[in-house]
Participant: 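Below: one structure in C-alpha coordinates.
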Amino acid sequence: MTPAELSRTVLHAVRRAVDEGELSVTVPERAVITPPRPGGCGDYATNVALQLARPAGQPPRRVAEILRARLLGEQRFTDVVVTGPGFLNLSLRGTASAGLVEEILRRGRRYGHAAAGFSGTAVGISCPAEVRAVVVADAVTRVLRSQGDFVRVECEGRPAPEWKSVLGADVATRGPRIADRDVTSRGPRIADRYVTVRPVPAPGDPLPLGRDAGRWALLHPAGHDRPRIPGDHLVQRESNPLFRVRYAHARTRALLRNAADLGFHPEPGPVSEAEALIAVLGDHPRVLAATATHHTPDRLARHLVTVADAAMPLLPAVLPLGEEKPSAAHRARLALAEAAGTVLAGGLSLLGIDAPDHL
(Lines give C-alpha, C1' and ligand atoms only; values in the text may rest on other atoms or scores of the structure.)
Protein backbone atom coordinates (compact mmCIF):
# COMPACT_ATOMS: atom_id res chain seq x y z
CA MET A 1 0.00 0.00 0.00
CA THR A 2 1.37 3.40 -0.99
CA PRO A 3 1.27 6.54 1.20
CA ALA A 4 -1.36 7.98 -1.15
CA GLU A 5 -3.57 4.93 -0.61
CA LEU A 6 -3.03 5.18 3.14
CA SER A 7 -4.00 8.85 3.03
CA ARG A 8 -7.31 7.97 1.33
CA THR A 9 -7.96 5.25 3.92
CA VAL A 10 -7.33 7.65 6.82
CA LEU A 11 -9.59 10.30 5.25
CA HIS A 12 -12.30 7.67 4.85
CA ALA A 13 -12.08 7.06 8.62
CA VAL A 14 -12.39 10.81 9.22
CA ARG A 15 -15.44 10.99 6.93
CA ARG A 16 -17.10 8.09 8.78
CA ALA A 17 -16.49 9.78 12.14
CA VAL A 18 -18.07 12.99 10.79
CA ASP A 19 -21.05 11.13 9.32
CA GLU A 20 -21.61 9.30 12.62
CA GLY A 21 -21.50 12.52 14.62
CA GLU A 22 -18.32 11.90 16.62
CA LEU A 23 -16.37 14.66 14.87
CA SER A 24 -17.60 18.01 13.65
CA VAL A 25 -14.94 19.06 11.15
CA THR A 26 -14.38 19.62 7.46
CA VAL A 27 -12.68 16.57 6.00
CA PRO A 28 -9.22 17.70 4.81
CA GLU A 29 -8.04 17.15 1.27
CA ARG A 30 -5.28 14.82 2.37
CA ALA A 31 -3.71 13.20 5.42
CA VAL A 32 0.06 13.46 5.62
CA ILE A 33 1.61 9.98 5.83
CA THR A 34 5.21 9.68 7.04
CA PRO A 35 7.53 7.11 8.60
CA PRO A 36 6.95 6.84 12.37
CA ARG A 37 8.56 9.58 14.46
CA PRO A 38 11.11 8.72 17.17
CA GLY A 39 9.17 6.95 19.88
CA GLY A 40 6.57 5.79 17.36
CA CYS A 41 6.01 2.31 15.96
CA GLY A 42 4.53 0.46 13.02
CA ASP A 43 5.10 1.06 9.32
CA TYR A 44 3.63 4.55 8.83
CA ALA A 45 2.29 7.40 10.94
CA THR A 46 -0.04 10.36 10.47
CA ASN A 47 -0.64 13.54 12.46
CA VAL A 48 -4.18 14.00 11.16
CA ALA A 49 -5.64 13.89 14.71
CA LEU A 50 -3.47 16.83 15.75
CA GLN A 51 -4.55 18.66 12.59
CA LEU A 52 -8.25 18.14 13.39
CA ALA A 53 -8.17 18.64 17.17
CA ARG A 54 -8.65 22.42 17.21
CA PRO A 55 -11.56 22.59 14.71
CA ALA A 56 -13.12 19.55 16.41
CA GLY A 57 -12.85 21.19 19.84
CA GLN A 58 -11.44 17.99 21.31
CA PRO A 59 -8.01 16.90 22.63
CA PRO A 60 -5.75 15.41 19.92
CA ARG A 61 -5.52 12.00 21.66
CA ARG A 62 -9.33 11.81 21.84
CA VAL A 63 -9.56 12.53 18.11
CA ALA A 64 -6.86 9.92 17.50
CA GLU A 65 -8.80 7.30 19.49
CA ILE A 66 -11.96 8.05 17.50
CA LEU A 67 -10.07 7.48 14.24
CA ARG A 68 -8.19 4.48 15.61
CA ALA A 69 -11.46 2.67 16.34
CA ARG A 70 -12.43 2.99 12.67
CA LEU A 71 -9.02 2.19 11.21
CA LEU A 72 -8.82 -1.03 13.23
CA GLY A 73 -11.77 -2.28 11.22
CA GLU A 74 -9.75 -2.07 8.00
CA GLN A 75 -8.46 -5.48 6.90
CA ARG A 76 -5.23 -3.93 5.64
CA PHE A 77 -4.07 -3.00 9.16
CA THR A 78 -2.96 -5.39 11.87
CA ASP A 79 -2.63 -2.63 14.47
CA VAL A 80 -3.14 1.07 14.96
CA VAL A 81 -1.37 2.63 17.96
CA VAL A 82 -1.71 6.15 19.35
CA THR A 83 1.60 7.61 20.56
CA GLY A 84 2.79 10.97 21.82
CA PRO A 85 0.27 13.82 21.73
CA GLY A 86 -1.92 12.02 19.20
CA PHE A 87 0.03 10.44 16.35
CA LEU A 88 -1.61 7.45 14.68
CA ASN A 89 0.91 4.68 13.96
CA LEU A 90 -0.20 2.20 11.32
CA SER A 91 1.02 -1.40 11.00
CA LEU A 92 0.27 -2.99 7.65
CA ARG A 93 -0.77 -6.61 7.33
CA GLY A 94 2.20 -8.81 6.45
CA THR A 95 4.74 -6.37 7.90
CA ALA A 96 3.17 -5.77 11.29
CA SER A 97 6.16 -6.70 13.37
CA ALA A 98 9.14 -6.13 11.10
CA GLY A 99 9.36 -2.34 11.30
CA LEU A 100 8.73 -2.28 15.04
CA VAL A 101 11.30 -4.99 15.72
CA GLU A 102 13.88 -3.23 13.56
CA GLU A 103 13.32 -0.02 15.52
CA ILE A 104 13.66 -1.77 18.89
CA LEU A 105 16.82 -3.64 17.89
CA ARG A 106 18.31 -0.47 16.40
CA ARG A 107 17.73 1.59 19.54
CA GLY A 108 18.38 -1.21 22.01
CA ARG A 109 17.60 -0.49 25.63
CA ARG A 110 17.03 3.16 24.71
CA TYR A 111 13.91 2.30 22.70
CA GLY A 112 11.23 4.67 23.95
CA HIS A 113 13.74 7.24 25.22
CA ALA A 114 13.72 10.79 23.93
CA ALA A 115 15.82 10.97 20.79
CA ALA A 116 16.49 14.72 20.87
CA GLY A 117 18.47 15.00 24.11
CA PHE A 118 17.44 17.71 26.60
CA SER A 119 13.70 18.36 26.40
CA GLY A 120 14.04 21.88 27.80
CA THR A 121 12.29 20.93 31.05
CA ALA A 122 13.97 21.06 34.46
CA VAL A 123 12.29 19.13 37.26
CA GLY A 124 12.90 19.46 40.98
CA ILE A 125 11.95 16.39 43.06
CA SER A 126 11.69 16.27 46.83
CA CYS A 127 10.97 13.28 49.03
CA PRO A 128 10.93 12.44 52.74
CA ALA A 129 13.79 10.47 54.26
CA GLU A 130 11.86 7.19 54.08
CA VAL A 131 13.13 4.17 52.20
CA ARG A 132 10.22 3.72 49.78
CA ALA A 133 9.99 7.43 48.99
CA VAL A 134 13.73 7.54 48.27
CA VAL A 135 13.62 4.50 45.96
CA VAL A 136 10.53 5.82 44.12
CA ALA A 137 12.20 9.24 43.69
CA ASP A 138 15.28 7.51 42.29
CA ALA A 139 13.19 5.54 39.76
CA VAL A 140 11.16 8.60 38.76
CA THR A 141 14.43 10.44 38.16
CA ARG A 142 15.69 7.68 35.87
CA VAL A 143 12.50 7.70 33.79
CA LEU A 144 12.33 11.50 33.57
CA ARG A 145 15.90 11.57 32.30
CA SER A 146 15.05 8.96 29.69
CA GLN A 147 12.54 11.49 28.36
CA GLY A 148 15.17 14.23 28.17
CA ASP A 149 14.44 16.16 31.39
CA PHE A 150 17.01 17.67 33.75
CA VAL A 151 16.29 16.43 37.26
CA ARG A 152 17.48 17.47 40.70
CA VAL A 153 16.41 15.39 43.70
CA GLU A 154 16.58 16.49 47.31
CA CYS A 155 15.69 14.47 50.38
CA GLU A 156 13.92 16.10 53.34
CA GLY A 157 16.37 14.63 55.82
CA ARG A 158 19.38 12.35 55.78
CA PRO A 159 18.81 9.07 53.91
CA ALA A 160 20.33 5.94 55.40
CA PRO A 161 23.60 5.03 53.62
CA GLU A 162 22.31 1.47 53.08
CA TRP A 163 19.56 2.78 50.82
CA LYS A 164 22.30 3.72 48.38
CA SER A 165 24.80 0.91 49.00
CA VAL A 166 22.20 -1.89 49.01
CA LEU A 167 19.22 -0.55 47.06
CA GLY A 168 21.14 1.74 44.68
CA ALA A 169 18.98 4.79 45.47
CA ASP A 170 21.04 7.98 45.19
CA VAL A 171 18.92 11.07 45.80
CA ALA A 172 21.70 13.34 46.97
CA THR A 173 23.90 13.62 43.89
CA ARG A 174 21.66 12.91 40.89
CA GLY A 175 22.09 15.42 38.09
CA PRO A 176 23.72 18.82 37.72
CA ARG A 177 22.46 21.72 39.78
CA ILE A 178 19.64 23.05 37.65
CA ALA A 179 20.25 26.60 38.85
CA ASP A 180 23.73 26.49 37.35
CA ARG A 181 22.27 25.58 33.97
CA ASP A 182 19.49 28.16 33.69
CA VAL A 183 19.52 31.76 34.88
CA THR A 184 16.59 34.12 34.33
CA SER A 185 16.39 37.89 34.70
CA ARG A 186 15.14 37.34 38.25
CA GLY A 187 18.03 35.08 39.18
CA PRO A 188 18.56 31.30 39.02
CA ARG A 189 15.58 29.23 37.99
CA ILE A 190 15.61 26.11 40.10
CA ALA A 191 13.07 24.13 38.05
CA ASP A 192 10.18 24.44 35.63
CA ARG A 193 8.08 22.26 37.89
CA TYR A 194 8.36 20.68 41.30
CA VAL A 195 7.31 17.18 42.28
CA THR A 196 6.88 15.79 45.77
CA VAL A 197 7.21 12.01 45.97
CA ARG A 198 5.41 10.70 49.04
CA PRO A 199 4.11 7.12 48.60
CA VAL A 200 2.63 5.02 51.40
CA PRO A 201 5.65 4.10 53.55
CA ALA A 202 7.10 0.60 53.54
CA PRO A 203 5.76 -1.45 56.47
CA GLY A 204 9.08 -3.22 56.95
CA ASP A 205 12.74 -3.16 56.04
CA PRO A 206 13.35 -4.13 52.36
CA LEU A 207 17.14 -4.35 52.74
CA PRO A 208 17.18 -8.15 53.44
CA LEU A 209 15.62 -8.66 49.99
CA GLY A 210 18.68 -7.18 48.27
CA ARG A 211 18.71 -4.59 45.53
CA ASP A 212 16.56 -6.14 42.81
CA ALA A 213 13.79 -7.73 44.88
CA GLY A 214 13.86 -4.86 47.36
CA ARG A 215 13.38 -2.23 44.66
CA TRP A 216 10.65 -4.26 42.94
CA ALA A 217 8.80 -4.70 46.25
CA LEU A 218 8.76 -0.91 46.68
CA LEU A 219 8.11 0.09 43.04
CA HIS A 220 5.60 -2.46 41.72
CA PRO A 221 2.64 -1.45 43.94
CA ALA A 222 0.94 1.87 43.18
CA GLY A 223 2.08 4.70 45.40
CA HIS A 224 -1.19 4.69 47.35
CA ASP A 225 -0.92 0.94 48.06
CA ARG A 226 1.05 -0.57 50.92
CA PRO A 227 3.93 -2.74 49.64
CA ARG A 228 4.39 -6.31 50.88
CA ILE A 229 7.65 -6.71 52.78
CA PRO A 230 9.15 -9.26 52.40
CA GLY A 231 6.38 -10.92 50.39
CA ASP A 232 7.30 -13.57 47.83
CA HIS A 233 9.67 -11.41 45.81
CA LEU A 234 12.56 -13.88 46.12
CA VAL A 235 10.51 -16.94 45.15
CA GLN A 236 11.21 -18.30 41.66
CA ARG A 237 7.71 -19.24 40.55
CA GLU A 238 5.02 -17.86 38.26
CA SER A 239 3.14 -16.17 41.08
CA ASN A 240 6.09 -13.78 41.48
CA PRO A 241 5.79 -11.00 38.83
CA LEU A 242 9.48 -10.05 39.12
CA PHE A 243 10.48 -13.65 38.45
CA ARG A 244 8.22 -13.77 35.37
CA VAL A 245 9.77 -10.60 33.95
CA ARG A 246 13.37 -11.66 34.55
CA TYR A 247 12.71 -15.25 33.46
CA ALA A 248 11.19 -14.09 30.17
CA HIS A 249 14.25 -11.90 29.54
CA ALA A 250 16.65 -14.75 30.37
CA ARG A 251 14.72 -17.07 28.02
CA THR A 252 15.12 -14.63 25.12
CA ARG A 253 18.87 -14.46 25.75
CA ALA A 254 19.11 -18.27 25.90
CA LEU A 255 17.24 -18.55 22.59
CA LEU A 256 19.75 -16.22 20.95
CA ARG A 257 22.61 -18.39 22.20
CA ASN A 258 20.91 -21.60 21.10
CA ALA A 259 20.07 -20.18 17.67
CA ALA A 260 23.69 -19.12 17.18
CA ASP A 261 24.74 -22.69 17.97
CA LEU A 262 22.34 -23.87 15.26
CA GLY A 263 23.79 -21.38 12.79
CA PHE A 264 20.99 -18.86 12.40
CA HIS A 265 20.41 -15.34 13.64
CA PRO A 266 17.46 -12.96 14.14
CA GLU A 267 16.00 -11.28 11.08
CA PRO A 268 12.89 -9.09 11.46
CA GLY A 269 9.92 -10.20 9.43
CA PRO A 270 6.19 -10.90 9.72
CA VAL A 271 5.19 -13.08 12.66
CA SER A 272 1.76 -14.67 12.88
CA GLU A 273 -0.24 -15.00 16.11
CA ALA A 274 1.91 -12.45 17.94
CA GLU A 275 -0.45 -9.47 17.85
CA ALA A 276 -0.64 -9.14 21.65
CA LEU A 277 3.13 -9.01 22.02
CA ILE A 278 3.55 -6.61 19.09
CA ALA A 279 0.93 -4.30 20.57
CA VAL A 280 2.55 -4.08 24.02
CA LEU A 281 6.02 -3.59 22.51
CA GLY A 282 4.65 -0.78 20.36
CA ASP A 283 3.04 0.74 23.46
CA HIS A 284 6.33 0.92 25.37
CA PRO A 285 7.22 4.53 24.39
CA ARG A 286 3.77 5.70 25.50
CA VAL A 287 4.14 3.90 28.84
CA LEU A 288 7.52 5.54 29.46
CA ALA A 289 6.08 8.96 28.64
CA ALA A 290 3.09 8.38 30.93
CA THR A 291 5.35 7.12 33.72
CA ALA A 292 7.40 10.30 33.45
CA THR A 293 4.36 12.57 33.28
CA HIS A 294 2.58 11.05 36.26
CA HIS A 295 5.70 10.07 38.26
CA THR A 296 4.43 6.50 38.61
CA PRO A 297 7.12 3.82 38.23
CA ASP A 298 4.49 1.21 39.15
CA ARG A 299 2.98 1.88 35.71
CA LEU A 300 6.25 0.79 34.06
CA ALA A 301 6.59 -2.23 36.35
CA ARG A 302 3.10 -3.48 35.47
CA HIS A 303 3.80 -2.89 31.78
CA LEU A 304 6.90 -5.11 31.99
CA VAL A 305 4.80 -7.89 33.50
CA THR A 306 2.39 -7.54 30.55
CA VAL A 307 5.28 -7.73 28.06
CA ALA A 308 6.69 -10.83 29.76
CA ASP A 309 3.31 -12.57 29.81
CA ALA A 310 2.73 -11.74 26.13
CA ALA A 311 6.20 -12.97 25.14
CA MET A 312 6.15 -16.37 26.85
CA PRO A 313 3.70 -18.09 24.43
CA LEU A 314 5.94 -17.12 21.47
CA LEU A 315 9.18 -18.53 22.85
CA PRO A 316 8.58 -22.31 22.42
CA ALA A 317 8.14 -21.80 18.65
CA VAL A 318 11.35 -19.83 18.10
CA LEU A 319 13.76 -22.75 17.56
CA PRO A 320 13.27 -25.48 14.94
CA LEU A 321 12.26 -28.89 16.26
CA GLY A 322 13.85 -32.24 15.42
CA GLU A 323 15.12 -32.36 11.85
CA GLU A 324 13.41 -29.10 10.94
CA LYS A 325 15.68 -26.54 9.28
CA PRO A 326 15.74 -22.89 10.38
CA SER A 327 13.41 -20.86 8.18
CA ALA A 328 12.55 -17.20 7.67
CA ALA A 329 9.71 -17.70 10.16
CA HIS A 330 12.16 -18.92 12.81
CA ARG A 331 14.45 -15.96 12.19
CA ALA A 332 11.52 -13.53 12.43
CA ARG A 333 10.30 -15.09 15.67
CA LEU A 334 13.84 -14.96 17.07
CA ALA A 335 14.06 -11.26 16.21
CA LEU A 336 10.71 -10.58 17.90
CA ALA A 337 11.87 -12.51 20.98
CA GLU A 338 15.08 -10.47 21.06
CA ALA A 339 13.01 -7.28 20.82
CA ALA A 340 10.87 -8.38 23.76
CA GLY A 341 13.97 -9.14 25.81
CA THR A 342 15.42 -5.75 24.89
CA VAL A 343 12.30 -3.93 26.12
CA LEU A 344 12.29 -5.96 29.34
CA ALA A 345 15.97 -5.22 29.99
CA GLY A 346 15.55 -1.52 29.23
CA GLY A 347 12.52 -1.21 31.46
CA LEU A 348 14.15 -3.03 34.35
CA SER A 349 17.20 -0.79 33.98
CA LEU A 350 15.02 2.30 34.40
CA LEU A 351 13.65 0.76 37.59
CA GLY A 352 17.23 0.18 38.77
CA ILE A 353 16.86 -3.60 38.54
CA ASP A 354 19.26 -6.03 36.88
CA ALA A 355 18.17 -8.19 33.92
CA PRO A 356 20.40 -11.29 34.09
CA ASP A 357 21.11 -13.34 30.98
CA HIS A 358 21.01 -16.53 33.05
CA LEU A 359 18.40 -17.28 35.69
Side-chain angles (χ1 to χ4, degrees), residues 109 127-146 153 155 159-172 174 197-254 280 284 287-288 291 295-312 315 340-359:
R109 294 190 180 193
C127 66
E130 185 274 326
V131 62
R132 189 185 187 197
V134 168
V135 170
V136 170
D138 177 81
V140 169
T141 297
R142 294 168 186 262
V143 178
L144 284 169
R145 289 189 167 183
S146 79
V153 186
C155 188
E162 294 83 5
W163 301 348
K164 179 179 178 181
S165 61
V166 177
L167 298 177
D170 181 4
V171 298
R174 281 205 172 276
V197 172
R198 199 178 296 273
V200 172
D205 183 6
L207 294 176
L209 295 174
R211 172 168 176 153
D212 294 334
R215 289 183 70 101
W216 183 268
L218 300 173
L219 296 172
H220 181 250
H224 55 77
D225 292 333
R226 185 176 298 275
R228 292 180 298 108
I229 305 293
D232 60 354
H233 305 292
L234 294 173
V235 178
Q236 296 196 19
R237 61 187 180 204
E238 289 187 7
S239 60
N240 179 0
L242 174 60
F243 172 72
R244 296 210 305 274
V245 171
R246 302 214 301 175
Y247 179 69
H249 170 264
R251 282 286 308 276
T252 66
R253 304 306 299 174
V280 293
H284 186 65
V287 172
L288 291 186
T291 299
H295 320 117
T296 49
D298 58 284
R299 187 187 304 254
L300 174 57
R302 292 193 302 272
H303 172 67
L304 296 180
V305 176
T306 302
V307 172
D309 291 345
M312 288 303 295
L315 303 185
T342 299
V343 167
L344 292 173
L348 286 172
S349 176
L350 289 175
L351 296 177
I353 296 172
D354 184 41
D357 287 355
H358 302 270
L359 194 62

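The chain is numbered in sequence order, starting from 1.
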Participant: More than 12 heavy atoms of other residues, nucleotides or ligands under 6.0 Å from CZ of F243: is that the case?
Facilitator: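 Counting other residues, nucleotides and ligands, CZ of F243 exceeds 12 neighbours.
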Participant: Could you pull out all residues at least two apart from A248 that satisfy side chain to side chain contact (heavy atoms under 4.5 Å, CB included)?
Facilitator: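 A248: side chain to side chain contact (heavy atoms under 4.5 Å, CB included) contacts with A308, M312, L344.
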Participant: Looking only at heavy atoms, what is the nearest atom pair of P159 and V171, with distance?
Facilitator: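 Looking at all heavy atoms of both residues, the closest pair is CG-CG2, 4.3 Å.
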Participant: Residues in side-chain hydrogen bond (donor to acceptor under 3.5 Å, both in side chains) with R132, at least two apart?
Facilitator: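 Partners of R132 under the side-chain hydrogen bond (donor to acceptor under 3.5 Å, both in side chains) test: none.
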Participant: Please name all residues satisfying side-chain hydrogen bond (donor to acceptor under 3.5 Å, both in side chains) with R299, sequence neighbours left out, ordered by chain then number.
Facilitator: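 By the side-chain hydrogen bond (donor to acceptor under 3.5 Å, both in side chains) rule, R299 matches T296.
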Participant: Going through the checks in order, is the side chain to side chain contact (heavy atoms under 4.5 Å, CB included) test met by W163 and V135?
Facilitator: CA-CA 8 Å; W163 301 348; V135 170; 5.8 Å; no
Participant: Specify the closest pair of heavy atoms between L218 and P206, including all atoms of both residues, with the distance to one decimal.
Facilitator: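 For L218 and P206, the tightest heavy-atom pair comes out as CD1-CG, 3.9 Å.
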Participant: Taking all heavy atoms of G204 and all of I229, pick out the closest pair and write down the distance.
Facilitator: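 What the structure gives for the nearest pair is C-CG2, 3.8 Å.
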Participant: Apply side chain to side chain contact (heavy atoms under 4.5 Å, CB included) to the pair V153 and D138, showing each step before the final yes or no.
Facilitator: CA-CA 8 Å; V153 186; D138 177 81; over 6 Å; no
Participant: So which heavy atom on P227 is nearest to which on V200, and how close?
Facilitator: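 Reported closest heavy-atom pair: CD-O, 4.2 Å.
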Participant: Measure across C155 and A129 and return the closest heavy-atom pair with its distance rounded to 0.1 Å.
Facilitator: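 Here C155 and A129 meet closest at SG-CA, 3.5 Å.
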Participant: Would the distance check show the side chain of H249 and the main-chain N or O of P356 forming a donor-acceptor pair, the cut-off being under 3.5 Å?
Facilitator: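 Yes; judged by distance alone, with no hydrogens or angles, the pair exists.
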Participant: Please report the C-alpha distance between L351 and L304 in whole Å, then the side-chain angles of each, then the deciding distance to 0.1 Å, and finally whether the side chain to side chain contact (heavy atoms under 4.5 Å, CB included) criterion is met.
Facilitator: CA-CA 11 Å; L351 296 177; L304 296 180; 4.0 Å; yes
Participant: Could you list the residues that satisfy side-chain hydrogen bond (donor to acceptor under 3.5 Å, both in side chains) with H303, not counting sequence neighbours?
Facilitator: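 Here the qualifying residues are H284.
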Participant: Using the side-chain hydrogen bond (donor to acceptor under 3.5 Å, both in side chains) criterion, which residues pair with R198? Sequence neighbours excluded.
Facilitator: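 For R198 the side-chain hydrogen bond (donor to acceptor under 3.5 Å, both in side chains) partners, ignoring immediate neighbours, are E156.
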Participant: So which heavy atom on A133 is nearest to which on V197, and how close?
Facilitator: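 For A133 and V197, the tightest heavy-atom pair comes out as O-CG1, 3.8 Å.
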Participant: Got a sec, which pairs hit salt bridge (charged side-chain N to carboxylate O under 4.0 Å, His left out) with one end in residues 229-244, sequence neighbours left out?
Facilitator: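 Found R228-D232, R244-D309.
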Participant: So, D354 and R211, do they make that salt bridge, N to O below 4.0 Å?
Facilitator: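 No, this pair does not count.
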Participant: Apply the test salt bridge (charged side-chain N to carboxylate O under 4.0 Å, His left out) to residues D212 and R246: give CA-CA distance (whole Å), side-chain angles for both, the deciding distance (0.1 Å), then the verdict.
Facilitator: CA-CA 10 Å; D212 294 334; R246 302 214 301 175; 2.9 Å; yes
